[in-house]
Amino acid sequence: MTTFIAPALSYSLLAPILIVLGGAVLGVIAEAFLSRAIRPTVQLSIALGTLVLALAQVWRIRHASSLTAAMSSVTVDGPAILLQGSVLIIAILGVFLIADQDHFTTLAAALPGSPEERDAQRAGEKLTEVYPLTLFAVAGMLLFPIATDLITLFVALEVLSLPLYLMAGLSRRRRLLSQEAALKYFLLGAFSSAFFLFGSAFLYGYSGSLSLAGIHTAVEASSGNQVFLLIGLAFLSVGLLFKVSAVPFHAWTPDVYQGAPTPVTAFMAAATKIAAFGAMLRIFYTAFANAYWEWRPLLTIIAVITMLFGAVVAIAQRDIKRMLAYSSIAHAGFLITGVLALNKSGLDATIFYLFAYGIATIGAFAIVTLVRDSSGEVTDMNRWAGLGKRSPFIATVFATLLLAFAGIPLTSGFIGKFSIFSAAYESGNKAVVVVGVLSSAIAAYFYIRVIVLMFFTDPLDDGTSVVIPSILTRATVIISFAVTIFLGVFPTPLLNFISSTAIFIR
């Protein structure tokens, strides 16, 4: 007779995830039973309250004596705390942007331009289910970097992905483009998830274990079939590299960034990278550290191609959101160099870079939401001409964030790139560092081109203007600007905190 063993769960360590899931469920109930008049305020309050409470819980458990939860399928160590905290901070800023309901369709299930959609717009209805969807995605992002077995990783990957597929199709304007973006994201995401699952099956065949610790033991002892290890590594990496927009798994990125509502693009671009790279760091730094020479060559090639491709193709873009999408691809290549470093400096630098890049990204997309005409957002780069004369403050903030992306001194981007390239150089990956510096120089061209367009070109009389943002959008812009400058001028406190905290526990 088989005896059932009750699972041992550490609810205190799982509390941030449980709080966010609880808030998401509460949002679903509010969506079903509350009147349309009070729903937006209640949903915003639930989302922000949930995220702040979860962030407080992450801070509380940073000195927890126990590190494993859910029968060792989850490990809450130093990097986990840092990554979860980063995701929650980005999510709070993302919800600030999402609160501007002007970006979302009033009736997601209706056909674009249908009478039902027009009637809903005339009635002043607002799409509030985006808040619980965001919380569900955040729950997956909190679980992804702390999962220590392949099944939990796969579940987290799906929980964070499925809400994003839906949210990408909710744009109020250019509805067909938005729905096309959602469909592309869903189809390609389904393929990447299948690759991830296929790789997990091969790694189980190699090691006889689904846990990262068990795979590490098998790799260390070289006890399995090496062909299974290589195939498993390759397919598992496909699933992860798709999420971080690395070449050649990047094809969805510019279309989805352009078609999705800009607040969703901001949240997705910043938070998904943190979660996905957090999982990559844990997988490659723990499970496959002893198989370094098996995965280093391929990952090096992908990093080099990703950096160069993102930087070069961004030059040809004439849409500001597509330019930022290719910029995101180039930054994925920079971050992969931190994974390749496979040392403590690489871990610290990658975590710092993820946070700094996430804050700058959400600020940049927040500014994109402010440049509009009578039809909505203006993303044609040529129509940003003279923005510095229309709104000097907004143009200055955007220029600062672009300089941070370029890695110019006195911004967080410079500290992040310097740290991550230094770690790669220490580990002997000198070729990747050379390509990274070259790619940064190429990227600086198209960032500075936009700055020149904003400040040294006369504005066009085409109806383009900068709207007065809501208090929440204004807070996102100011916080992003302040953090980007502060981390560029005084990075030491955060770097020291990361260095003392970021230690993986196998």
Side-chain angles (χ1 to χ4, degrees), residues 103 168 171-182 184-185 245 247 250-266 268-269 306-333 360-391 394-406 408 439-467:
H103 300 285
S171 182
R172 180 173 183 175
R173 299 173 179 86
R174 296 189 293 183
R175 295 275 285 118
L176 291 175
L177 184 65
S178 178
Q179 291 182 346
E180 179 189 346
K184 286 180 179 177
Y185 194 18
S245 309
V247 177
H250 67 286
W252 62 275
T253 309
D255 292 336
V256 174
Y257 277 34
Q258 183 183 21
T262 303
V264 173
T265 304
M268 176 173 58
T306 301
M307 288 186 286
L308 289 174
F309 180 87
V312 171
V313 178
I315 295 173
Q317 302 308 307
R318 290 294 177 265
D319 184 278
I320 201 77
K321 289 173 75 174
R322 291 184 76 88
M323 186 205 76
L324 291 173
Y326 282 103
S327 167
S328 170
I329 292 169
H331 282 281
T361 297
I362 208 158
F365 280 107
I367 289 174
V368 173
T369 68
L370 305 181
V371 183
R372 304 184 192 177
D373 62 10
S374 58
S375 300
E377 288 175 7
V378 173
T379 58
D380 182 352
M381 201 179 297
N382 293 325
R383 295 180 64 185
W384 283 52
L387 185 67
K389 297 176 182 177
R390 287 197 182 101
S391 179
I394 291 299
T396 301
V397 172
F398 193 65
T400 303
L401 297 174
L402 291 179
L403 292 175
F405 292 144
I408 302 301
S439 300
S440 297
I442 297 171
Y445 166 75
F446 62 81
Y447 294 132
I448 293 173
R449 182 185 65 183
V450 177
I451 296 172
V452 170
L453 186 71
M454 291 191 298
F455 286 100
F456 301 101
T457 308
D458 292 329
L460 303 174
D461 187 16
D462 58 359
T464 303
S465 63
V466 177
V467 302

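Note that the coordinates shown come from a computational prediction; the quantities given were computed from them, not determined experimentally. The figures here come from the full heavy-atom set of this structure, side chains too, leaving out hydrogens, waters and symmetry mates.
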* **Point-to-point distance, once rounded to the nearest 0.5 Å, from CG of Leu308 to CD1 of Ile442** => 6.0 Å

* Kindly give the heavy-atom pair with the smallest separation between Leu324 and Phe405, and that separation in Å. => CD2-CE1, 4.0 Å

* From CE (Met381) to CZ (Arg322), nearest 0.5 Å -> 11.0 Å

* Gap separating the OH atom of Tyr185 from the CE atom of Met268, nearest 0.5 angstrom -> 5.5 Å

* What are the two closest heavy atoms between Gly259 and Ala181, and how far apart are they? -> CA-CB, 4.0 Å

* Asked: Heavy atoms, side chains only, cut-off 4.5 Å: are Ile315 and Arg449 in contact?
  -> yes

* Asked: Distance-only, no hydrogens or angles: does the Ser178 side chain make a donor-acceptor pair with backbone N or O of Ser171 under 3.5 Å?
  -> yes

* Could you tell me the separation between the OH atom of Tyr257 and the OG atom of Ser327, rounded to the nearest 0.5 Å? => 9.0 Å

* Asked: Can you find a heavy atom in the side chain of Phe398 that is under 4.5 Å from one in the side chain of Leu370?
  -> no

* For the pair Leu403 and Tyr447, evaluate side chain to side chain contact (heavy atoms under 4.5 Å, CB included) and give the outcome as yes or no after the intermediate values. => CA-CA 7 Å; Leu403 292 175; Tyr447 294 132; 6.0 Å; no

* To do: Please report the shortest heavy-atom distance between Gly310 and Ile329, naming the atom on each side.
  => CA-CG2, 4.1 Å

* Would Ile451 and Leu402 count as a side chain to side chain contact (heavy atoms under 4.5 Å, CB included) if you check the C-alpha gap in whole Å, the side-chain angles of each, and the deciding distance to 0.1 Å? -> CA-CA 8 Å; Ile451 296 172; Leu402 291 179; 4.2 Å; yes

* Euclidean distance, Ser245 OG relative to His331 NE2, rounded to 0.5 Å -> 12.0 Å

* For Thr396, does its backbone N or O pair with a side-chain atom of Thr400 as donor and acceptor, under 3.5 Å? -> yes

* Asked: Minimum heavy-atom separation for Phe365 to Lys321, with atom names?
  -> CE2-CG, 4.3 Å

* Counting distance only, does the side-chain N/O of Thr369 pair as donor-acceptor with the main-chain N or O of Ala366 below 3.5 Å? -> yes

* How about Val312 and Met307: do any of their side-chain heavy atoms sit closer than 4.5 Å? -> no

* Which atom names give the shortest non-hydrogen contact between Leu401 and Ala364, and what distance separates them? -> CD1-N, 3.4 Å

* Are Tyr326 and Thr253 linked by a side-chain donor-acceptor pair shorter than 3.5 Å? -> no

* Asked: Which is it for Asp319 and Gln258 under the side chain to side chain contact (heavy atoms under 4.5 Å, CB included) test, yes or no, and what are the steps along the way?
  -> CA-CA 8 Å; Asp319 184 278; Gln258 183 183 21; 3.5 Å; yes

* To the nearest 0.5 angstrom, please state how far the CD1 atom of Ile448 sits from the CG atom of Leu453. => 13.5 Å

* Test Val450 against Ile320 for side chain to side chain contact (heavy atoms under 4.5 Å, CB included), laying out the working first. => CA-CA 9 Å; Val450 177; Ile320 201 77; 4.3 Å; yes

* Structure fact -> In terms of heavy-atom contacts, Lys389 and Phe455 come closest through CE-O, 4.4 Å

